[in-house]
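Report on the structure given below.
Numbers restart at 1 for each chain; the letters A, B, ... are given by sequence-line order, proteins then strands.
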Amino acid sequence: MASQPSNAAVTDGAAHVAPTVVKIVIAGGFAVGKTTFIGSISDIDPLNTEAAMTEHSVGVDDAGGITERKTHTTVAMDFGRIALPGSLWLYLFGTPGQDRFLFMWDDLVRGAIGAVVLVDTERLDQCFPAVDYFEGRSIPFIVAVNCFDGVARHQLDDVREALGLSAGVPLIYTDARERAATKQALIAVVQLAMERLK
Amino acid sequence: MADDFAPSALDNDDDAYTVRPYTVTGGRVAGQADGLALEALVTTRTEGKPQKGLTPEKKKILQLAAEDFMSVAELSAHCKLPLGVVRVLVTDLSDNEYLTIHATAPVSLAVEDRSGITRSLLESVLDGIAAL
């Protein structure tokens, strides 16, 4: 058409104004279900992006028997997107699983509403770097225990104690495969961010 | 425009990249592109500036961002190029008026800076997620 606004390539009617973009970070240990979590609620299939690395990471991932299906040799992270009413796009960024890639997290976390730290109670220690990271920067975060087989194996109080979480950090059960459960986790993060504004 | 895409690394779904990543940026690293958020949206400008002489990677970015708003992260994923490379290419394309970067919240490199996150924004997000 003749006179489109110069900054609007999108031709379909009302979409000339760019959506407002927000993001929530999904963190946690290696292979804890971050991509599953994102995929359960994202409008698009989770996408994968990479940062160029000079150092490769073959064979040093400590994830028990699951190393074989995670053989990326670059820093990879998965993300998804949810369109919300009012021209809001919510991005969900999964952190690179291995804690030696913490240097990348600033990029992900800058401007984020908050974070969900996913926890596998069989490998609790894997979430320590994430908890430390968010605590140290006063980023609102919740801890969500991923019930892999739909069964909670541990009491939340025990998990809280094991992680040394302060009372102010919400701790919930989730199921990364279930849209209803991931939705509740996201709601909990946004509610926490709102409380922090007070 | 049949000559838009020569067979290249972009067409190969199996390998991440077949040239050294920063070859496509002419060897430059991020610089001012560092401040470009992963979630920043871009769109190709409609003036129809000739794309002759642009690299296949840049043409691919312009093609993707002509269809809909595209975040830097999505461009990186679809082009199978590292984020740092896409940031440089997008900044270049913006400087040369091929595309528009739609500003996100005020750019601050401090992770602790949460000034862009307002109550009304959070309320909209909360209502939106609850309605999913």
Side-chain angles (χ1 to χ4, degrees), chain A residues 4-12 15 17-24 41 44 47-53 72 74-79 81-86 88-91 93 104-114 137-140 179 183 186-187 190-191 193-194 196-197, chain B residues 16-17 20-22 34 37-47 62 65-69 71-78 80-86 97 99-100 102-114 116-119 121-132:
Chain A
Q4 297 289 340
S6 65
N7 65 346
V10 179
T11 47
D12 95 66
V17 178
T20 300
V21 173
V22 291
K23 64 179 171 182
I24 291 175
I41 197 160
I44 56 174
L47 291 167
N48 179 270
T49 186
E50 294 178 344
M53 288 294 290
H72 296 295
T74 44
V75 188
M77 58 191 181
D78 295 321
F79 63 97
R81 192 186 73 200
I82 308 166
L84 301 176
L88 268 176
W89 280 8
L90 169 61
Y91 279 92
F93 283 104
M104 278 193 64
W105 286 31
D106 285 359
D107 235 12
L108 294 176
V109 170
R110 192 173 294 128
I113 289 174
R137 287 160 187 78
S138 303
I139 307 291
R179 179 185 170 91
K183 177 177 151 180
L186 296 178
I187 286 174
V190 181
Q191 284 174 333
M194 290 179 78
R196 292 283 186 86
L197 283 180
Chain B
Y17 13 92
R20 286 180 298 127
Y22 283 87
D34 263 349
L38 306 185
E39 68 276 19
L41 297 179
V42 307
T43 41
T44 300
R45 296 177 63 155
T46 48
E47 296 92 310
L62 292 177
E67 291 159 15
D68 198 353
F69 294 101
S71 65
V72 171
E74 280 164 289
L75 290 171
S76 167
H78 290 309
K80 300 192 186 305
L81 287 169
L83 279 168
V85 171
V86 170
E97 304 182 339
L99 57 72
T100 302
H102 302 277
T104 48
V107 177
S108 162
L109 290 180
V111 173
E112 291 83 356
D113 180 2
R114 301 181 55 77
I117 304 183
T118 62
R119 174 164 303 278
L121 179 63
L122 290 177
E123 279 169 357
S124 303
V125 174
L126 189 60
D127 290 347
I129 296 173
L132 285 175

Rounded to the nearest 0.5 Å, the NE2 atom of B/His102 sits from the OG1 atom of A/Thr20 at a distance of 12.0 Å
Heavy-atom contact with chain B under 4.5 Å, split by part of A/Ile187:
both
Please evaluate residues A/Val22 and B/Ile117 with respect to the criterion side-chain contact (heavy atoms from CB on, under 4.5 Å), reporting the C-alpha separation (whole Å), side-chain torsions for both, the decisive distance (0.1 Å), and the verdict.
CA-CA 9 Å; A/Val22 291; B/Ile117 304 183; over 6 Å; no
Check: A/Met77 and B/Leu83 side chains under 4.5 Å, non-hydrogen atoms
yes
Inter-residue atom distance B/Ser124.OG - A/Leu90.CG, 0.5 Å rounding:
12.0 Å
Note, B/Leu41 side chain near A/Trp89 side chain (heavy atom, < 4.5 Å):
yes
Using modelled atom types only, decide if a donor and an acceptor are shared between the side chain of B/Arg114 and the backbone of A/Ile113 within a distance under 3.5 Å.
yes
Portion of A/Arg196 that has a non-hydrogen atom of chain B nearer than 4.5 angstrom
neither
Closest-packed option against chain B by number of heavy-atom pairs under 4.5 Å, given A/Pro85, A/Gly86, A/Ala112:
A/Ala112
Honestly, the part of B/Thr118 sitting under 4.5 Å from a heavy atom of chain A is backbone
Are B/Glu39 and A/Phe93 close enough that some pair of their side-chain heavy atoms sits under 4.5 Å apart?
yes
Apply side-chain contact (heavy atoms from CB on, under 4.5 Å) to residues B/Leu122 and A/Gln191 and explain how you reach the verdict.
CA-CA 8 Å; B/Leu122 290 177; A/Gln191 284 174 333; over 6 Å; no
A/Leu108 versus chain B, heavy atoms under 4.5 Å apart: side chain, backbone, both or neither?
both
What is the distance from atom OG1 of A/Thr49 to atom CG of B/Leu81, rounded to the nearest 0.5 Å?
9.0 Å
CE/A/Met194 to CZ/B/Arg119 distance, rounded to the nearest 0.5 angstrom?
5.0 Å
Work out which heavy atom in A/Pro19 is nearest to a heavy atom in B/Phe69; give both atom names and the distance.
CD-CD1, 3.6 Å
Counting heavy-atom pairs closer than 4.5 Å to chain A, which one of B/Ala77, B/Ser71, B/Ala130, B/Ala131 comes out on top?
B/Ala77
Look only at the side chain of A/Lys183 and the backbone of B/Leu132, and say whether a donor-acceptor pair between them is shorter than 3.5 Å.
yes
Do the charged groups of A/Arg81 and B/Glu74 touch, with an N to O distance under 4.0 Å?
yes
